[in-house]
Structures are given as C-alpha cells and as structure tokens.
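Following: one structure in structure tokens, then a few remarks.
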There are 2 protein chains.
Amino acid sequence: MNLDVDTSMPSTASATAVAKPRGRPRKTLEEREDGNRKGDLIAAAAKLFRQKGFDATSTRDIAAAVGMRSGSPFYHFKSKGDLLYAVMAEGMRSAIEKQQLTLKNANISLSNSEQTKQEARRLLHVLIRHHFEVMLGAGSDFIPVMLYEWRSLTPRQRTTMAKMQRDYEAVWLPVLEALFASGQLKCPVKLARLLIFGALNWSVQWFDAKKEASLDDLTEAAMALFIKD
Amino acid sequence: MNLDVDTSMPSTASATAVAKPRGRPRKTLEEREDGNRKGDLIAAAAKLFRQKGFDATSTRDIAAAVGMRSGSPFYHFKSKGDLLYAVMAEGMRSAIEKQQLTLKNANISLSNSEQTKQEARRLLHVLIRHHFEVMLGAGSDFIPVMLYEWRSLTPRQRTTMAKMQRDYEAVWLPVLEALFASGQLKCPVKLARLLIFGALNWSVQWFDAKKEASLDDLTEAAMALFIKD
DNA sequence: CCTACCGATCGGTAGG
DNA sequence: CCTACCGATCGGTAGG
C-alpha cells in the first residue's frame, strides 16, 4: 500500500545506472526501507486521529508513535492540519483505487441486456461490501477519520475532499438510478444516496470485528433493508 | 423547556410563606429569571460543542457566550467533562419525554386487531419523524452532541448514557419486530435497528434547513427506503 | 459569580 | 531528523 501523498520524494534508483554502491549510511533492519517515514507518520496519525479525535491528538503523540522527537513531524508536514489532510486524501485515493479494482473483478455489465435488473442489484451488493471493507477492514483508519473529522479541514481542503468523494460516489449513482427505474428502490435517488451512506457510515460507531456479524452479514442485511422484490 | 439537570437549586418560594418582600437585589429585564444560569451554560455549551467539537471548545468560549468570566463556569460544573455530560443527559431526557408525548398524541394501538400491519407502519413513521425533529429541529444541538462526542465521556458516563439510549430505543424495537413479522421489513431486527438509526443520525452531517428537503420529505424518503409493500 | 493566578500542554520554529 | 526553546492557550483553583 502506497502511503505517499505526493510523489516528490526521490526514488532510490535514479536515471543513470551507476554500479558503484554509494556510501549511503548502513541501516539496521528496523530502520531500513524508510524514505516513507512520511507514510509512517500518516499511518500513525490515522490511527490516533481515529482513536482520540484530531483535536485531542497531539503532534507529540504522533511523533512518539513512530519513534520521532516532538519537532520532527514538522520536517515532513507544514502543520498538524496538513497531516490530517494527508490522512484523508490518502484514504480516499486508496478507496477509489480499490473500488475500481473491485468493480473490474466483478465484471460489470450494466446497461447490457434485459438482465439489468439482477445486474444492478448485484452491483450494489459489490459496492456496499467494498464500502464496509474500506471502513471496517483490517487497518482501515483513514476513511473513518475522513468521515468524522471534516470540521477540522480548511475550506480549500474541504473542496478537494468533496471532489474525491464525488469521484467515489460517481459509480453508485447510475446503480441507484437503475434500481429506482426497475422498482427495486422506492426512495428518490438523491435522498436514497444520503440515507444509504448514512446507514453504512454509521457502522464505524458500533461495529466490533470480534463480536458482531461479519462484513458479509452486514452486506446482506443492508441489501435486505434497502432493496425491494 | 427545563434545562436543569439536577433539581438541587433552591426554588424561589420556600416553605413558610412570608409576605414581606425580601431585599433581593432588583434585576434588569435581561438579568432576571436567572437561577438557571446553569441552563444557560448547558445551552451555550451544546451550541459550541456541536459547532466546533468538545475538544476544540474552551470553557472560556462557553463562559463568554453567556457573559461570564473564564473561571465562573466552574462554580456551576466541576469540570468541562461534567458540562458535556449535562448537555447529553439533558438532551436525552428531553428527547425521551418528547417521544412519549408524541406517541401519546399519535394514539397508539399496536397489538390490537388485524390492522396491526398498517399500524406498525404508521408508528414507525411517527417515530422517524420525531427523531428527525429532535436532531434537526430548531435549537436542537443536544442530540447531535450526544451522537458525536461519546469519545469524551468517562466509562461511568457512557454507561448512564447507554441506559438512556436503551430507553429511547425501547419503543422502537417492538415496532420493528411487528414490521418484520408482517414482512414489511426484510432485514433482521437487530441489524435493522443499527442501520436505520445510522441512516437517520447521519442526516446531522448533511441536512440544511434552508435548502434541502423538509423533515416531512426526509421521513417519507426513509419510509420508502426501509419498508416493503 | 469575579479576580488573579498556576502548572501543564500544545503547535510550531531556529539552527544545526 | 534532533535539540532547545517560545508564545499562546487551556482547564482549573483560591479567596473573596
């Protein structure tokens, strides 16, 4: 999983292939493969922001979580707010990427033959299942932070995040419209979208991977709740 | 609306009815009817906690909002956390009270004749409409704070709030069970409850009283989304 | 309820 | 990326 938000960091192998092993200071096993210390910070921040909230998490907490001193996160990020934004942007980038992959694997065929009724239903199932995975799957702190810490973004950051959210939801809308057209969804698409995402997003508040139902169970329940026939 | 959380404040008229007008310092129009300065603090805290979040709101903000000096809120509340708890507890107390009244006015008749199918549906409609009112109606900051600031409660406070929430939801469960039994709800009641509350509670994030649909529209949409037939 | 105050913590920076 | 540090702010308290 690539955690870098921008690609401005120099890649290890540069253009001219020089054979001579440069005098790069040797690293211990724990220390090597840095160069994405930035990514470590983002991951640690995501975990802490989710646990305690943005305002209650200090940059010192985050630094300590990756073994840095209190001032060092500011070598990688201009401000605490920029770190929050990096968490959210990386979360959405990754979620959109995974969603595209999931759809590819599901072998989409919407707007095809007359089977579109079954097909739209199957697609929603895939989308919901993926959404649960992104929110509740192993090591998914990014999207919960994105969902619940909007308040701390600047107006400009909000605009960008809103754009990414539109990208994420872009693939849902035609599915909902097809379901509405075929009578499997009785609620106007615009409000249906908001209510359905609410039902799903709220699961972050109560889902317990150790006890409650599985993500498959959740998906079945959601389908049964929203879809007619 | 009574905002006092405990009734420990002395009432104005005491046991022995003395005719003589006591030398109570005269108050201007703005100042009179205090004695619930405590209530003022709770209302101001609710508004600010909702706007900026608990951690980002200072006790000085709250004090200033009611025209007090920075140290004065601590005359009324032991700590900032106690003030948060007072907001939530008052919110739930009021919501439960209003819910009972709403149900009384709706003239319940569940588990009556064979009309229970229509009746269960109508009851859910009433409950949903009331829930939207409590979350999104004029001056309702208490429940949104309760929904989104759990993290800042102590374990003991959480237990009490969970108990109040159970009271609030107690009346929903038989309705959902009746709907499930009659085939109007296809989703297992336990998960249905969580998903439905999620869909409703999330509206706090996007509802705009000035633009979007009315609370009635929301209620119709939710019913159409959840209920079969 | 105000005045005056305290210790702790926080985001962030200079300079290496 | 560390050291050393700063100004600001915060929750809370004593004493009236």
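Remember, it's a predicted structure, so these values are computed and weren't measured experimentally. Numbers restart at 1 for each chain; the letters A, B, ... are given by sequence-line order, proteins then strands.
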Among B/D82, B/V145, B/L48, whose side-chain contact (heavy atoms from CB on, under 4.5 Å) with B/V87 holds?
B/V145
Whole angstroms only, please: what is the [atom1]-[atom2] distance between [X] and [N]?
{"X": "A/F77", "N": "C/dC10", "atom1": "CZ", "atom2": "P", "value": "20 Å"}
{"X": "B/D61", "N": "D/dG12", "atom1": "CG", "atom2": "P", "value": "14 Å"}
{"X": "A/K38", "N": "D/dC1", "atom1": "NZ", "atom2": "P", "value": "11 Å"}
{"X": "B/L83", "N": "D/dC10", "atom1": "CG", "atom2": "P", "value": "15 Å"}
{"X": "A/L41", "N": "D/dC2", "atom1": "CG", "atom2": "C1'", "value": "14 Å"}
{"X": "A/L84", "N": "C/dG11", "atom1": "CG", "atom2": "C1'", "value": "14 Å"}
{"X": "B/H76", "N": "D/dG12", "atom1": "NE2", "atom2": "P", "value": "15 Å"}
{"X": "B/K52", "N": "D/dC10", "atom1": "NZ", "atom2": "C1'", "value": "12 Å"}

Side chain of [X] only, please: which of [options] is the nearest?
{"X": "A/M68", "options": "C/dC10, D/dC2, C/dC1", "result": "D/dC2"}
{"X": "B/S58", "options": "D/dG11, C/dG11, D/dC1", "result": "D/dG11"}
{"X": "A/F74", "options": "C/dT13, C/dC5, D/dC1", "result": "C/dT13"}
{"X": "B/R69", "options": "C/dG11, D/dC1, C/dC2", "result": "C/dC2"}
{"X": "B/T59", "options": "D/dG11, C/dC1, C/dT13", "result": "D/dG11"}

By nearest nucleotide on DNA chain C, pick out whichever of B/G71 and A/S72 is the more 5' one.
B/G71
Tell me which of A/Y75 and B/Y75 sits closer to the 5' end of DNA chain C, going by the nucleotide each one is nearest to.
B/Y75
Watson-Crick or G-U counterpart of C/dG7, or none if no pair lies under 3.5 Å
D/dC10
Applying the Watson-Crick and G-U wobble criteria at under 3.5 Å, what pairs with D/dG16? Answer none if nothing qualifies.
C/dC1
For [X] and [Y], indicate whether the former's side chain and the latter's backbone hold a donor-acceptor pair under 3.5 Å.
{"X": "B/N201", "Y": "B/G198", "answer": "no"}
{"X": "A/R151", "Y": "B/R50", "answer": "yes"}
{"X": "A/S203", "Y": "A/A199", "answer": "no"}
{"X": "A/T102", "Y": "A/K98", "answer": "yes"}

With respect to the phosphate group of C/dC1, does any side-chain polar atom (N or O) of B/R37 fall under 4.0 Å of OP1 or OP2?
yes
Give B/G81 one of three labels, base, sugar-phosphate or nothing, depending on what nucleic acid heavy atoms sit under 4.0 Å from its own.
nothing
